[in-house]
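Report on the structure given below.
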Amino acid sequence: MAYETIHKPKFNDLPFRTLLEDWRGARASFQWEQLATVLKGIPGGGFNLSYECVDRHCAEGRGGLPAFTWEGRDGSIKTWTFEAMRSEINKIANVLVQCGARRGDRIFLFLDRVPELYFGLLATLKAGCVAGPLFSAFGPEAVRDRVQDAGAKMIMTSPALVGRVYEVMRELPKLETIIITDRFGSGGHRYLPGEVSLECAVAGASDQFECVRTHQEEFAIMHYTSGTTGKPKGAAHVHMAAFGHYHTARICLELREGARYWCTADPGWVTGTSYGMFGPWTNAAHVFVMEAGFDAERWYAFIEKHKIDIWYTAPTAIRMLMKSGEDLPKRFNFKSVFHAASVGEPLNPEAVVWGKRVLGLVFHDNWWQTETGCIQVANYATQDVKPGSMGRPIPGTEVEVVNPDGEPCAAGVEGDLVVKPGWPSMFRTYWRRHELYKSRFKKGWYYSGDRAKKDADGYIWFIGRDDDVINTAGHLVGPFEVESALIEHPAVAEAGVIGKPDPERMEVVKAFVSLKKGYAPTEDLKRELAEFVKKRLAAHAYPRDIEFIDGLPKTRSGKIMRRLLKAKELGLPLGDTSTLEE
Ligand code: ATP
Ligand code: MG
């Protein structure tokens with residue numbers, strides 16, 4: 001189905017203005033160096049991401065602004081100003097140093113979305129160490145793989161989660177110290193030798209700490225990728241990435257001083273740090289965090305209660321909201337939200353249309369990866385949105401769709417999605433896999449591993465991961481277009497599409513479909529769905545095989561794991577499932 005372009009008001013109507021109306025002009029004139037006048041570094045020398053997020057605001061008179069509002073599972077709400085946050089961070093940084101943390105050491109954070117996760121991560125950076133955030137839902141093996149690979153020296157965790165670390169402790173010889181935080185817990189934890197109580201240690205710690213004078217190219221944070229296509233890789237980023245976070249948070253998400261902002265991502269995933277922390281805080285925005293997990297009603301209530309201005313979420317969450325129906329949102333008011341955005345996997349055009357119709361919000365899709373560290377392609381608040389497109393490249397990077405020779409493809413022609421190396425938040429290595437890192441750079445480009453096409457207006461359209469593109473009787477079919485066509489059908493909640501080997505056609509399109517409540521998984525419905533897709537897409541692209549399943553396998557960051565669907569279909573080993581959602 002062809003979707004109509006969503007036209008935007010003139011940007012003067014937006015609360016915050018960007019200069020992107022003239023997108024080509026903005027791209028031609030932007031230089032990363034110009035940001036050095038804002039992100040000036042530590043007075044007297046050195047550059048530290050944590051300093052740019054918090055201390056700079058205190059030094060420049062913004063210390064009294066609200067920085068962080070946290071809503072606990074029990075409904076309690078707490079707010080910290082930049083000044084208050086600085087003192088929490090300083091105390092933890094002092095504790096880390098007392099426990100033996102030295103510049104360059106890896107310190108992992110294995111916590112629910114409690115304030116200590118946010119303060120502890122910024123304290124790690126401030127102490128000159130490298131932070132490694134982990135999803136709190138990780139099992140012992142997932143923790144072991146990452147902590148072991150990174151050679152982490154310390155881990156900050158909670159009484160509820162520490163048992164998972166102990167299960168694999170023997171395989172973590174480099175792990176010296178376990179710091180346990182229990183501020184909101186029962187206080188009943190019995191401390192073992194080698195464990196430190198953060199609350200006790202902090203009580204005796206100074207709230208003054210001199211930020212370590214790291215340089216721009218020193219490692220700051222490592223994030224393991226989502227594991228959608230295989231074993232997660234530890235993408236390592238440097239302090240200078242702040243330039244990328246600051247700039248893209250402004251121009252792609254409209255973040256500014258005081259903006260009330262909710263990023264739904266957990267810091268275990270790169271979106272939860274780059275845009276849950278660094279992007280908003282380098283811009284002095286007010287970050288809101290909900291400790292509890294997804295629940296449609298709770299989410300809507302959170303937006304209304306906190307008068308969220310800017311909301312950044314993911315396609316899987318939007319599809320879950322769609323699944324929860326159209327009556328629920330009628331009970332809430334979303335008028336405060338003036339910008340909504342989405343990232344992580346393809347945003348089905350139907351989801352954009354639904355958001356506009358039902359919530360009165362246009363979800364602005366954007367594209368980036370753990371490796372790129374910041375948004376590379378975006379739908380800007382100031383520009384028309386073409387539902388189904390990821391938007392246009394940001395000022396500051398060159399993003400292209402190229403043919404096998406590395407030459408830009410003509411408009412509408414499918415190719416590899418690549419980025420010109422050199423933007424500040426580009427990853428600097430895959431931890432202990434530098435050869436793999438190097439192999440991602442060819443013909444002067446960084447190869448993202450995604451396939452896409454670009455239209456004459458410069459909008460980029462996602463086709464699929466290069467491993468996921470289906471070759472059926474000589475036609476290339478992207479799983480995304482088939483999935484998007486399927487979810488236009490009222491019975492379909494979610495769909496995952498793979499290529500199934502076929503002796504005649506090489507591969508045929510197979511769809512795994514989960515249905516909305518009230519629809520029965522019948523043979524008739526299968527036929528109807530196949531016809532439905534056939535009418536919308538080319539005849540070769542319709543799913544010849546449809547299987548109904550209750551839910552699709554997803555990563556913790558909410559992405560459909562097509563490789564798992566495929567492995568199950570073919571009876572092959574499942575590979576690394578450490579990021580699989582339970
Ligand atoms: P792994 O590299 O371990 O397989 P992953 O690629 O899912 O995992 P991330 O770095 O979290 O790990 O995800 C980046 C990928 O997510 C992109 O390469 C792309 O395939 C997909 N993606 C992100 N945003 C979008 C988007 N807006 N539209 C389509 N795909 C997207
Ligand atoms: Mg990837």
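Ligands are counted one by one from 1 in listed order, and the atoms in each one are counted from 1 as well. Heavy atoms only: backbone and side chains are in, while hydrogens, waters and symmetry mates are out.
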Please write down residue, atom name and distance for the protein heavy atom closest to [atom].
atom: atom 7 (O) of ligand 1; answer: Thr228 OG1, 2.4 Å
atom: atom 31 (C) of ligand 1; answer: Glu345 CA, 3.5 Å
atom: atom 6 (O) of ligand 1; answer: Arg465 NH1, 2.7 Å
atom: atom 29 (C) of ligand 1; answer: Pro346 N, 3.2 Å
atom: atom 28 (N) of ligand 1; answer: Met390 SD, 3.3 Å

Pairing of [X] and [Y] as salt bridge, 4.0 angstrom limit:
X: Lys443; Y: Asp405; answer: no
X: Glu345; Y: Arg319; answer: yes
X: Lys500; Y: Asp545; answer: yes
X: Lys568; Y: Glu547; answer: no

- Item | Neighbour count above 12 (heavy atom, 6.0 Å) for Lys453 NZ | no
- Task: Verify side-chain contact (heavy atoms from CB on, under 4.5 Å) between Phe294 and Thr264, making sure each step is shown before the conclusion.
- Result: CA-CA 9 Å; Phe294 178 85; Thr264 62; over 6 Å; no
Residue part near ligand 1, for [X], under 4.0 Å between non-hydrogen atoms:
X: Trp368; answer: backbone
X: Thr555; answer: neither
X: Thr229; answer: both

Please determine whether any non-hydrogen atom of [X] lies less than 4.0 Å from an atom of ligand 1.
X: Gly227; value: yes
X: Gly344; value: yes
X: Phe480; value: no

- Dump the intermediate steps for salt bridge (Lys or Arg N to Asp or Glu O under 4.0 Å) on Lys438 and Glu435, then the final yes or no. CA-CA 5 Å; Lys438 285 199 289 195; Glu435 286 307 311; 3.3 Å; yes
Only heavy atoms of [X], strictly under 4.0 Å: list the atoms of ligand 1 that pass.
X: Trp269; value: 11 (O)
X: Asp365; value: 26 (C), 27 (N)
X: Lys233; value: 1 (P), 2 (O), 3 (O)
X: Lys559; value: 7 (O), 9 (P), 11 (O), 13 (O), 14 (C), 15 (C), 16 (O)
X: Asp450; value: 17 (C), 18 (O), 19 (C), 20 (O)
X: Asn366; value: 24 (N), 26 (C), 27 (N)
X: Thr370; value: 9 (P), 10 (O), 11 (O)

Consider every N or O of [X] and every N or O of ligand 1, then say whether any pair is closer than 3.5 Å.
X: Val343; answer: no
X: Gln369; answer: yes
X: Ser226; answer: yes
X: Lys231; answer: no

- Grab the two heavy atoms, one from Trp23 and one from Pro393, that are nearest each other, plus how far apart they are.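 Scanning both residues completely, I find the closest heavy atoms to be NE1-O, 2.9 Å.
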- Task: Carefully, step by step, assess Tyr224 and Asp149 under the rule side-chain contact (heavy atoms from CB on, under 4.5 Å).
- Result: CA-CA 10 Å; Tyr224 284 80; Asp149 184 58; 2.6 Å; yes
- Is Arg146 close enough and on-axis enough to Phe138, meaning under 6.0 Å and within 45°, for cation-pi? yes
- Please say which of Glu217, His237, His434, Glu218 ends up in a side-chain hydrogen bond (donor to acceptor under 3.5 Å, both in side chains) with Arg428. Glu217
- Query: Which is it for Glu400 and Lys454 under the salt bridge (Lys or Arg N to Asp or Glu O under 4.0 Å) test, yes or no, and what are the steps along the way?
  - Reply: CA-CA 8 Å; Glu400 261 307 343; Lys454 189 156 119 176; 3.2 Å; yes
- Message: Against Asp468, only a single residue in Arg562, Lys559, Arg451 fulfils salt bridge (Lys or Arg N to Asp or Glu O under 4.0 Å); can you say which?
- Response: Arg562
